[in-house]
Amino acid sequence: KVGGNACTATSFALAEAGAALERIELFQYLARQYWGQNVPKKFHIPTPCFNILNGGKHAGGQLKLQEFMASPSKKYEFPDQLRIVAEVYQKLSSLLVKKYGVSAKNLGDEGGFAPSLNTPDEALDCIEQAIRDAGYKPEEDVRICLDAAASEFYDAETKLYEVEVGVKKTGDEMIKYWEELIQRHPSICSIEDGLDEKDYEHWPKLNAAIGSKCQLVGDDLYTTNPNTIRKGLEGKWCNALLLKVNQIGTISEAMEAARLVLDAHQHVMVSHRSGETCNSVIADLSVAIKAQQIKTGSTARGERIQKYTRLLQIYEY
């Protein structure tokens, strides 16, 4: 009744106050809430997924997929992961300007570049080239995560997905589309919201088709809601959760959602929102619950960098 943003702000403030009163790091305080008496002796920094190219509602161009993220290999420590993607990001900037003109390096909502591209293949080719230009190998050193946000290009009346301008596909054809895309670009390791949030018929089919090769993340599908997540786990809709505290309202409810997924031996990706502040509680939360991944935008814009700065501080601590 109060609303997600007010609840979330209050929940964050209480968590920070609790940590301050006990004079411990916020991630340690949150870990006590999550683990109770069984707080782990060791923590890890989750693998970051950096949004380096924006499309869909985040950019306003022709590109339908919303986010193209660079995710460095787990063989690197967090400071190196951060440095590697910062290098790739700069190489991508130069490449886009050379190919599409100076406006191609304008930024979208989450700090990724928003060039005027038409197809996911164009975007993926540019990113893979930028990875190579920075001296790394796609697939081996830096992999690519996608957020399709398919609900944004799905027509509920016709039940068709306009995944590219003028290209419309049924649910079954979308499954084939994703299969072929990851065959052409083996660097893709994760697809978020690859289908409409209510396309319950095709989510299990997509999971059966590519879930063993690719992480399938539920965001709009799950909305961090424990009740929906229980149904999804039972129905084998996907194999990972995008955790957004303000979708459910409080840290404690978000922890309940995470526990369901982690206990099912699936992955959790903690996430920022396209509208953000410089608050960095989600960085501490991702460490506290031992989430496998975190996405908080690009290596640009203060409200995105703040989370990476906090992860660096936790790493050093």
Side-chain angles (χ1 to χ4, degrees), residues 27 30-31 34-35 40 42-51 66-78 81 85 139 142-150 178 182 186-195 197 203-204 206-245 247-248 251 253-273 282-297 307-308 311 314:
F27 78 89
L30 292 173
Y34 185 78
W35 299 96
K42 279 193 170 184
F43 289 92
H44 66 263
I45 304 292
T47 301
C49 304
F50 300 84
N51 182 348
Q66 193 163 270
E67 292 179 43
F68 294 78
M69 294 169 271
S71 183
S73 167
K74 284 188 268 192
K75 68 184 177 183
Y76 298 107
E77 295 283 309
F78 177 69
Q81 290 178 322
V85 174
E139 204 176 344
V142 183
R143 303 196 72 185
I144 297 170
C145 303
L146 304 176
D147 175 9
W178 291 125
I182 64 174
S187 54
I188 296 171
C189 65
S190 178
I191 300 169
E192 179 187 327
D193 282 348
L195 295 167
E197 63 196 72
W203 270 103
L206 178 65
N207 197 12
I210 63 171
S212 60
K213 306 171 210 165
C214 186
Q215 177 176 268
L216 297 172
V217 187
D219 173 18
D220 296 341
L221 176 70
Y222 276 156
T223 58
T224 316
N225 187 317
N227 294 330
T228 313
I229 290 164
R230 285 186 190 95
K231 290 178 194 168
L233 291 170
E234 197 178 317
K236 297 183 177 173
W237 294 350
C238 58
N239 56 28
L241 163 71
L242 197 78
L243 191 82
K244 291 173 169 171
V245 179
Q247 279 182 333
I248 193 66
I251 292 172
E253 289 167 298
M255 283 179 172
E256 185 191 342
R259 195 187 309 280
L260 287 169
V261 174
L262 294 170
D263 285 355
H265 306 291
Q266 294 187 4
H267 287 184
V268 169
M269 185 188 288
V270 173
S271 173
H272 63 164
R273 303 306 304 258
I282 62 167
D284 286 80
L285 178 63
S286 69
V287 175
I289 64 172
K290 299 191 93 170
Q292 288 88 352
Q293 295 154 318
I294 184 169
K295 71 167 192 174
T296 93
K307 280 72 164 173
Y308 299 125
L311 289 171
I314 295 170

Minimum heavy-atom separation for [X] and [Y], please, with both atom names.
{"X": "V268", "Y": "A258", "answer": "CG2-O, 4.1 Å"}
{"X": "G194", "Y": "W178", "answer": "O-NE1, 3.0 Å"}
{"X": "F43", "Y": "A288", "answer": "CE2-O, 3.8 Å"}
{"X": "S71", "Y": "C49", "answer": "OG-SG, 3.9 Å"}
{"X": "V287", "Y": "P46", "answer": "CG2-CD, 4.0 Å"}

Under a 3.5 Å distance rule, please check whether [X] uses its side chain to pair with a backbone N or O of [Y] as donor and acceptor.
{"X": "D193", "Y": "A148", "value": "no"}
{"X": "T224", "Y": "K244", "value": "yes"}
{"X": "H44", "Y": "A291", "value": "yes"}
{"X": "S286", "Y": "A283", "value": "yes"}
{"X": "R143", "Y": "P186", "value": "yes"}
{"X": "Y308", "Y": "G297", "value": "yes"}
{"X": "N239", "Y": "G211", "value": "yes"}
{"X": "D284", "Y": "F27", "value": "yes"}
{"X": "W35", "Y": "P40", "value": "no"}
{"X": "K290", "Y": "K42", "value": "yes"}

Query raised in the report: Where do T223 and I248 land on the side chain to side chain contact (heavy atoms under 4.5 Å, CB included) test, with the steps shown first?
Result: CA-CA 7 Å; T223 58; I248 193 66; over 6 Å; no
Can you tell me how far apart [atom1] ([X]) and [atom2] ([Y]) are? Round to the nearest 0.5 Å.
{"X": "D220", "Y": "T228", "atom1": "CG", "atom2": "OG1", "answer": "12.0 Å"}
{"X": "L285", "Y": "L30", "atom1": "CG", "atom2": "CG", "answer": "6.0 Å"}
{"X": "S271", "Y": "L243", "atom1": "OG", "atom2": "CG", "answer": "8.5 Å"}
{"X": "L206", "Y": "L216", "atom1": "CG", "atom2": "CG", "answer": "5.0 Å"}
{"X": "I144", "Y": "F50", "atom1": "CD1", "atom2": "CZ", "answer": "14.0 Å"}
{"X": "L242", "Y": "L221", "atom1": "CG", "atom2": "CG", "answer": "11.0 Å"}

Measuring only between side-chain heavy atoms, which start at C-beta, is [X] closer than 4.5 Å to [Y]?
{"X": "V270", "Y": "I289", "result": "yes"}
{"X": "V217", "Y": "L241", "result": "no"}
{"X": "Q81", "Y": "T47", "result": "yes"}
{"X": "L233", "Y": "Q266", "result": "yes"}
{"X": "Q292", "Y": "M269", "result": "no"}

**Report entry** SB check E256 R230 (cutoff 4.0 Å)
**Finding:**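 Looking at E256 and R230, the cut-off is met.
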Query raised in the report: Yes or no on side chain to side chain contact (heavy atoms under 4.5 Å, CB included) for Y222 and E197, after CA distance, side-chain angles and deciding distance?
Result: CA-CA 8 Å; Y222 276 156; E197 63 196 72; over 6 Å; no
Query - Pair E192, Q66: side-chain N/O donor-acceptor within cut-off below 3.5 Å - result: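 No pair is found: no donor N or O on one side chain lies under 3.5 Å from an acceptor on the other.
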Query - Side-chain H-bond candidate by donor/acceptor type, Q247 with D219, under 3.5 Å - result: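 Present: a donor and an acceptor within the cut-off.
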Query raised in the report: Checking side chain to side chain donor-acceptor pair (under 3.5 Å) for the pair S190/Q215: CA distance, chi angles, key distance, verdict?
Result: CA-CA 4 Å; S190 178; Q215 177 176 268; 3.0 Å; yes
Query raised in the report: Under the side chain to side chain contact (heavy atoms under 4.5 Å, CB included) criterion, do F78 and L311 qualify, and how do the steps go?
Result: CA-CA 8 Å; F78 177 69; L311 289 171; 3.6 Å; yes
Query raised in the report: Does the pair L146 and M69 meet the rule for a side chain to side chain contact (heavy atoms under 4.5 Å, CB included), with working shown?
Result: CA-CA 6 Å; L146 304 176; M69 294 169 271; 6.0 Å; no
